[in-house]
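Taking it in order: structure first as structure tokens, then the write-up.
Numbering starts at 1 and runs along the sequence shown.
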Amino acid sequence: MPYVNIKITDENVSAEDKKALIEGATRLLQDVLGKNPATTVVVIDEVNTDNWGIAGEPVTERRKRGQ
């Protein structure tokens with residue numbers, strides 16, 4: 001039973017986008033590894049940008065500077 005965990009920042013991700021991610025990850029495992037879609041689990045974790053850091057600083061600060 002494959003388990004896929006997608007972590008993204010919680011910035012304007014629509015329900016349709018999440019649906020596409022779940023479908024795409026499931027299809028990829030089926031196409032590449034022959035895994036059964038009925039037993040493939042996909043979890044999307046949305047992380048606040050204050051809790052996500054890159055290069056030693058929160059993403060919130062980087063976004064304010066346009067990075």
Side-chain angles (χ1 to χ4, degrees):
M1 170 173 50
Y3 174 88
V4 178
N5 184 215
I6 300 172
K7 294 183 183 284
I8 56 175
T9 56
D10 62 351
E11 301 173 286
N12 303 317
V13 181
S14 69
E16 293 81 19
D17 292 338
K18 292 175 194 176
K19 183 177 187 290
L21 285 170
I22 292 167
E23 290 172 349
T26 301
R27 188 172 43 257
L28 181 64
L29 283 164
Q30 181 180 23
D31 293 348
V32 174
L33 299 177
K35 297 300 182 179
N36 182 354
T39 61
T40 298
V41 176
V42 179
V43 175
I44 299 173
D45 290 327
E46 291 184 273
V47 180
N48 184 280
T49 57
D50 288 339
N51 299 326
W52 192 298
I54 300 172
E57 65 182 329
V59 169
T60 304
E61 292 177 18
R62 295 174 64 88
R63 296 280 193 270
K64 288 177 185 175
R65 291 196 321 276
Q67 290 185 317

Q | Over all atoms of both residues, closest heavy-atom pair of Asp10 and Thr49 | A | OD1-N, 3.7 Å
Q) Between Ala38 and Asn36, which heavy-atom pair has the shortest distance, and what is it? A) N-OD1, 2.9 Å
Side-chain heavy atoms nearer than 4.5 Å, only ILVMFWY residues, links allowed to pass through others: does that put [X] and [Y] together?
{"X": "Ile54", "Y": "Val47", "result": "yes"}
{"X": "Leu21", "Y": "Leu28", "result": "yes"}
{"X": "Val4", "Y": "Leu33", "result": "yes"}
{"X": "Ile22", "Y": "Val32", "result": "yes"}

**Q.** Sub-4.5 Å side-chain heavy-atom contact between Val42 and Thr26
**A.** yes
Q) Would you call Val13 and Lys18 a side-chain contact if the rule is heavy atoms closer than 4.5 Å? A) yes
To the nearest 0.5 Å, tell me how far [X] [atom1] sits from [Y] [atom2].
{"X": "Asp45", "Y": "Asn5", "atom1": "CG", "atom2": "CG", "answer": "4.5 Å"}
{"X": "Lys7", "Y": "Glu46", "atom1": "NZ", "atom2": "CD", "answer": "12.0 Å"}
{"X": "Ile44", "Y": "Ile8", "atom1": "CD1", "atom2": "CD1", "answer": "5.5 Å"}
{"X": "Leu29", "Y": "Lys35", "atom1": "CG", "atom2": "NZ", "answer": "8.0 Å"}
{"X": "Arg63", "Y": "Trp52", "atom1": "CZ", "atom2": "CH2", "answer": "9.5 Å"}

(Q) Using a strict threshold of under 4.0 Å (side-chain N to carboxylate O), is an ion pair present between Lys64 and Glu57? (A) no
Q | Charged N-O contact under 4.0 Å between Lys19 and Glu23 | A | yes
Q: Give the C-alpha distance, both sets of side-chain angles, the deciding distance and a yes or no for side-chain contact (heavy atoms from CB on, under 4.5 Å) between Met1 and Val41.
A: CA-CA 7 Å; Met1 170 173 50; Val41 176; 4.0 Å; yes
Q: Please confirm whether the backbone N or O of Asp50 pairs with a side-chain atom of Thr60, one donor and one acceptor, at under 3.5 Å?
A: yes
